[in-house]
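Here the structure is a predicted model, which is why all the values come from computation and not from measurement.
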Amino acid sequence: MPIDAAEFDAYKDVGTIIAQFLCRNSDKGYSAKEIAQATGISEAIVNNSMLKLGLSDLASAIAGRKKKFRIDDVAVNGITYYRCIPQ
């Protein structure tokens, strides 16, 4: 079943919401669960968005395009933490 334009736009903006949260709180790293709790977005959607943000960062790096920030990640004891790194 297709989704309407408003729902499409809402899901499209999820990556922006997550990136803004991480960049406003760049002094710490956050797990997908913590990001989900802080933003009200489901953990599954956060995980999906983090994958897309990572691929976007990779594509930008390959193309030589500079971004204002990048999302860095590190795995500690099996949990991936994300942090915004200003460029």
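- Applying the side chain to side chain contact (heavy atoms under 4.5 Å, CB included) test to Lys67 and every residue at least two apart in sequence or in another chain returns Ser56, Asp57, Ser60.
- Atom-to-atom distance recorded for Ile85:CD1 and Asp72:CG is 5.0 Å, nearest 0.5 angstrom.
- Note on residues 48-87: no pairs pass ring-ring contact (aromatic ring centres under 6.0 Å, His included), not counting sequence neighbours.
- You'll find the side chain of Leu58 reaches within 4.5 Å of the side chain of Ile62, heavy atoms only.
- Taking Thr16 as the reference, Gln20 meet the side chain to side chain contact (heavy atoms under 4.5 Å, CB included) condition, with sequence neighbours excluded.
- Within the structure, the ring-ring contact (aromatic ring centres under 6.0 Å, His included) test picks out the following pairs touching residues 20-60 (sequence neighbours left out): Phe21-Tyr30.
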Donor-acceptor list for residues 33-46 side chains, cut-off 3.5 Å, not counting sequence neighbours:
unit_1: Glu34; atom_1: OE1; unit_2: Ser31; atom_2: N; d: 2.8
unit_1: Glu34; atom_1: OE1; unit_2: Ser31; atom_2: OG; d: 3.3
unit_1: Thr39; atom_1: OG1; unit_2: Ile35; atom_2: O; d: 2.8
unit_1: Thr39; atom_1: OG1; unit_2: Ile41; atom_2: N; d: 3.4
unit_1: Ser42; atom_1: OG; unit_2: Ile45; atom_2: N; d: 3.2

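- By the 4.5 Å heavy-atom criterion applied to side chains, Met50 and Ile18 are counted as neighbours.
- Remark: Ser26 pairs with no residue by the side chain to side chain donor-acceptor pair (under 3.5 Å) rule, at least two apart or across chains.
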